[in-house]
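Convention: sequence-line order gives letters A, B, ...; per-chain numbering from 1. Here the structure is a predicted model, which means the values were calculated and not measured.
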Amino acid sequence: MILTKAQYEEIAQCLVSVPPTRQSLRKLKQRFPSQSQATLLSIFSQEYQKHIKRTHAKHHTSEAIESYYQRYLNGVVKNGAAPVLLDLANEVDYAPSLMARLILERFLQEHEETAPSKSVINSMLRDPSQIPDGVLANQVYQCIVNDCCYGPLVDCIKHAIGHEHEVLLRDLLLEKNLSFLDEDQLRAKGYDKTPDFILQVPVAVEGHIIHWIESKASFGDECSHHAYLHDQFWSYWNRDGISQCCSGWCGTPGLSNSSASASQSAGITGVRKHFLPGILMKCVCK
Amino acid sequence: MAAVLESLLREEVSVAAVVRWIAHSTRGSEDNPGEAAALSSLRPLRKEFVPFLLNFLREQSSRVLPQGPPTPAKAPGASAALPGRPGGPSRGSRGARSQLFPPTEAASTAAEAPLARRGGRRRGPGPARERGGRGLEEGVSGENLPGAGGRRLRGSGSPSRPSLTLSDPPNLSNLEEFPPVGSVPPGPAGTKPSRRINPTPVSEERSLSKPKTCFTSPPISCVPSSQPSALDTSPWGLGLPPGCRSLQEEREMLRKERSKQLQQSPTPTCPTPELGSPLPSRAGSLTDEPADPARVSSRQRLELVALVYSSCIAENLVPNLFLELFFVFQLLTARRMVTAKDSDPELSPGVLDSLESPLFQSIHDCVFFAVQVLECHFQVLSNLDKGTLKLLAENERLLCFSPALQGRLRAAYEGSVAKVSLAMPPSAQAVSFQPETDNRANFSSDRAFHTFKKQRDVFYEVLREWEDHHEEPGWDFEKGLGSRIRAMMGQLSAACSHSHFVRLFQKQLLQMCQSPGGAGGTVLGEAPDVLSMLGADKLGRLWRLQERLMAPQSSGGPCPPPTFPGCQGFFRDFILSASSFQFNQHLMDSLSLKIRELNGLALPQHEPSDEDGESDVDWQGERRQFAVVLLSLRLLAKFLGFVAFLPYRGPEPPPTGELQDSILALRSQVPPVLDVRTLLQRGLQARRAVLTVPWLVEFLSFADHVVPLLDYYRDIFILLLRLHRSLVLSQESEGKMCFLNKLLLLAVLGWLFQIPTVPEDLFFLEEGPSDAFEVDTVAPEHGLDAAPVVDQQLLYTCCPYIGELRKLLAWVSGSSGRSGGFMRKITPTTTTGLGAQPSQTSQGLQARLAQAFFHNQPPSLRRTVEFVAERIGSNCVKHIKATLVADLVRQAESLLQEQLVTQGEEGGDPAQLLEILCSQLCPHGAQALALGREFCQRKSPGAVQALLPEETPAAVLSSAENIAVGLATEKACAWLSANITALIRREVKAAVSRTLRAQGPEPAARGERRGCSRACEHHAPLPSHLISEIKDVLSLAVGPRDPDEGVSPEHLEQLLGQLGQTLRCRQFLCPPAEQHLAKCSVELASLLVADQIPILGPPAQYRLERGQARRLLHMLLSLWKEDFQGPVPLQLLLSPRNVGLLADTRPREWDLLLFLLRELVEKGLMGRMEIEACLGSLHQAQWPGDFAEELATLSNLFLAEPPLPEPQLRACELVQPNRGTVLAQS
């Protein structure tokens, strides 16, 4: 299934300054019953990430951190069982997981004198039981579990989706009898950056020659396409030549319904007419 | 000079004698004494004759071609005959770029003073241009072809204006007035006469940089004459011997003869319409005078001059063959004569037959002369491309004047297969990643490699941006990309990074600029490619249309300056913008190396043994290969020349006098960047001029003004001059150079001689070759020169300016729109490896036998055998790599495992380990040779069989097979014996580091993993979905939640069921996902134990029923036990945080926890000791008083139980579900 630009914008419109919680997602689902949860979550997540990228800096000034920490301490003293940290994050419009990290970092600084290393913090966020303070551990855990856009659990979900769709894509290719080399094989051959699959025999889809396929398990909005294009695709192009098919999965699709979306995500396809007859697949769950 | 011509016209000397006289200074034996005497008196002038003749013709034709006859030289004072012609105030200034022939000073000399006639007229400020009166200066270019100028001139100068004037509104639908894009426009001059009148100040133009100057093709210098004054005072008549009177008589006779002819009716073969009426095939605005053979004024004189002129061309006494042809074509297609009466009132009608009277008195004369010349050069014409031939064959004037020639041309056209198409190079393709060179091992450090990769990306980014923008008006390379390029170059610190980058740069250059057309381009004469075989007519048309739109409109006249068309511009600008001397130096090194390599490439040589048509088919491949090599060489040499001479080139005029001497002294010490002189000499000796000279010309075309004065380069020029002179097209003999090869060399050399930096006197001043040009050849009988390696496609690709001939004709014929009136460029499509060279090592009798064998067979056989040998040899190496080496690597891995086991923890130094392994394994490499031999033996015969014709005799076949086996084996074994050890070493090293890495952090993770069962259809829910679902439950449980939120027990059960399915189907599961699932399941269990999961339903049922909770816990236990393949962090169940959850519940219920702990022990998921340790550490945490007590009780209870609980104990628990509560309350 393919979203039209208008549909996408309508959804994005609804996501302006909405906290990344379960409740928001539920409301979104009610508002757009025709879209799958995966699509909505993916769009939500991307929109929210854009939002956070814009506002990130203001939460990271030392004054802001200090004031958040004080508010947290006060809140916890009053009632340790209340969702102090989560409420705080929602109030200042910041991702709960990131807020939890911020406070945790501050807390460790205070209690351990030496600045905590990144890996220590990451492992504590993954497993809050390691946090020395029980109350904080609970608060952090609450934040992480309630955050649907950031945090180790969300990262894992994204990773899992990515992996699953690579597998799906591989199955599709096998099913269609297309011979390909996957990433591992390419790495073994000495390529440093590789797409997911290079087709050993190029295929034409809707008049475009496809040399390789990259699966992106997220909603393919314009911004993320540009980012990927910049980070990855050009270096593929540099190495492997010409065109590509990058599939922005947001669920499971078929190779069939691909090209209608190509035109709407004009940002990419239009840019490089002769190099990138790229096909963007924005497809939605089953 | 004129004297010679005069005596010729008087028939005192024969044409042949004159030509001999010009060409060979000393020889006179064949001439009759009278002739010799007549000529010997004029001996000092010998060298000046050709320039004189050329100038004379140009001058004479200037009335016909007022827009600028392509005159390379002017005789002094010549233009005095045309004073104040109304030519419209200057064109030329603006047209400098497109000017075919520069404002020659001859023009200025004539008009101004004898003073202006110094040797370097071209360098003078060219005042003539300012006066602008001379039509001679009009440029000829794509946008301003001759007729256009003529028309404009006529419009402004003649009283009877042509039909197309300003008063007529342009008719846009008129295809002739507004021809389709791509056809040569008739020039805007007719409608906008004022447009080009504004002259740019001359000074400004002169200040333009060198390349601009190049755009004017230099006229040939008139050698400083020993008798300037005489020539000045009376240009034509002077120097006439006293026998003038007889001449007068002769003229009189001729005049009579002519008038007689005039009275006769026109020849019936000529269906020329009435004078002045437009030809039906042309637009009204383009009417020109029809030419009529009957109205030629002085046939005999024209014939004589044409003969001399043709002979000069044929003997290569003129610098540029194609320039002369262009001139002749101009004459042929001349539009209209400027009324002689108007401009030359003093011309008395009485003197028609001497040089005093104009040679060309009418269009008829011009056409007659042109046709005469063309008749002599039919051979050249017939070798032009098919399009030009067609236009020539259809030319009405040719038909009128020489039906015979026309017939021959038509026949040539019909027989021609030389369809030439010049399309733009295809759009850029990146050089693909080259694992052999672009890998870490070739870089000094990770950082250097990383920098290189980054640079690669920046380079392509820049390239893409250029692709997108360079055609936009106002976009400036330096402004747009300069700083980025310099920043990038700045990062190339290490010398080796420079060489890596240069390698990339050079490869990209070759790929973009030379690599011949994309999929569609067919090589000349080749069978049509698959696409067109499919009969896609529309596709073909589209292709042609695209070509037409993309092809360059004009290459800038028949003598364009060296330019960087298309993608080459990017590379030039890149070099200029980078302005990095390290880069330039590395680039020069790299280019030189590549040029040497390609130049020395052993291209297959022609053995004209095959008489059947097969040989031609076989030649296609050879030609293609040659074309690829030649074009690559030219491209590389061009850039080498550009970079090498870059520091010496500047906008300022070349120095003179002392300054020049000091510069010469300095420069002569500098060794040449590439020893081109030796390469040229060797090329000539080995009869490979056809390969060497074209690229050398490209290289030299970028030389600065000083270069030709240096001894070293002067030698080169002299060699080239001699070569030029020796390439007489009409002399064809066995073993000598092929016609088209000669034509190519003549074209490129002629072009070179017109480059401004080449001194114009060089060509004429240089004493001709002391007789024939003979290099002592050490090469085999048949060098490359004798092989038909050049075809029209290559000729036109190398010399696009030859296409100007066709443009000229097409424009004139008025059918430009229909027949694609200009050249298009398609180059052959091969990028295949350049060297399928025969192995050089085969020696001895066997080798000689093989050579003898091939000698008797068609060349295709040899190529097939070599090809098979090459491929099989290469495959053999790959095969060995995949089998033997891979086996050894596996052995290495297992050996390494043993080593690690025996050595235990300390492991040992990896380098040492590697040494041990290699010393054990490398000896096995010796097997490679035997295996390789076996492989070649097995594979080669089949391939040879498949590739040779079925009918090949058995003996020949088996010999071919044997040779192929031998060559393949030799090739493979040579490589293997040299490299096998290193290869094994490298692979083992990679394997060792891989193993050690895997050994490192997580040995546990490497446990065996089961896949899903055969029958699994992978319909289980996706892991991501499950994580997300469980996360939802967790977040509900942890809160905050709305009052109406909750989960149903059924949902929980279903969730755990799905989890089981997913874990059993491993298709989509990746390790991180499994880890998270494990963790989430433990968290879920903790929440179940603490009874924290909100259940949907009536408030009374808010809590999960005990039985349900136990059932769920059972499910979880079985998942942990059976289905998880990774470790499950069960100790989290007893982490302070999760146990703390219990503290919040009122009343606290411990029974589930106890149940869970027991089950864990029973199922062997956790050891008793482990649980005890966890419980022990729990005590250290801070708890509310009562909670700590209860916890202590629990641990006592747990510890008190027997290590292996009896089944009945479990039953008893189930009977007393509230035991924990009781316990807690006690």
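- If you tally non-hydrogen atom pairs under 4.5 Å between each of Pro1023(B), Ala1073(B), Pro1129(B) and chain A, the highest count goes to Pro1023(B).
- Using a 4.5 Å cut-off between heavy atoms, Leu1036(B) touches chain A through backbone and side chain atoms alike.
- Proximity to chain B (any heavy atom under 4.5 Å) is shown, for Gln130(A), by neither the backbone nor the side chain.
- For Leu1132(B), the part lying under 4.5 angstrom from a heavy atom of chain A is the side chain only.
- By the neighbour-count criterion of 12 heavy atoms within 6.0 Å, atom NE2 of His450(B) is sparsely surrounded, having that number or fewer from other residues, nucleotides or ligands.
- If you measure heavy-atom distances from Asp147(A) to chain B, the contacts under 4.5 Å come from the backbone alone.
- Arg126(A) has its side chain within reach of Lys1079(B): a pair of non-hydrogen atoms, C-beta onward, lies under 4.5 Å apart.
- Note that the CD1 atom of Ile1027(B) and the SG atom of Cys156(A) stand 3.5 Å from one another [nearest 0.5 Å].
- Interface remark: Pro1136(B) contributes no atoms to any contact with chain A (heavy atom separation under 4.5 Å).
- Partners of Arg26(A) by salt bridge (Lys or Arg N to Asp or Glu O under 4.0 Å), not counting sequence neighbours, listed by chain and number: Asp1042(B), Glu1045(B).
- Atom NE2 in His165(A) sits 6.5 Å away from atom CG in Leu1022(B) (nearest 0.5 Å).
- Minimum heavy-atom separation, Leu1069(B) to His163(A): O-NE2, 3.8 Å.
- Lys1031(B) places no side-chain N or O within donor-acceptor distance of the main-chain N or O of Ile157(A), the cut-off being under 3.5 Å.
- In terms of heavy-atom pairs under 4.5 angstrom with chain A, the leader among Asn1138(B), Leu1026(B), Leu1034(B), Asp1032(B) is Leu1034(B).
- Counting heavy atoms from C-beta outward, Val167(A) and Cys1070(B) have side chains that stay 4.5 Å or more apart.
- Contact annotation: the side chain of Ile161(A) never approaches that of His1025(B) to less than 4.5 Å [non-hydrogen atoms, C-beta and beyond].
- Once rounded to the nearest 0.5 Å, the distance linking NZ of Lys158(A) with OG of Ser1024(B) reads 12.5 Å.
- Nearest heavy-atom pair, Arg1137(B) versus Asn138(A), reported as atom, atom and distance to 0.1 Å: CG-OD1, 3.0 Å.
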For this session: Assess whether side chain to side chain contact (heavy atoms under 4.5 Å, CB included) is satisfied between Ser1135(B) and Asp127(A), documenting all intermediate values.
Result: CA-CA 10 Å; Ser1135(B) 74; Asp127(A) 177 13; over 6 Å; no

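- Options Ser129(A), Pro128(A), Gly134(A), Pro152(A) differ in how many heavy-atom pairs under 4.5 Å they form with chain B, and the most are formed by Ser129(A).
- Among the candidates Thr21(A), Val145(A), Ile144(A), the residue making the largest number of heavy-atom pairs closer than 4.5 Å to chain B is Val145(A).
- Nearest heavy-atom pair across Gln23(A) and Pro1040(B) is NE2-O, 3.7 Å.
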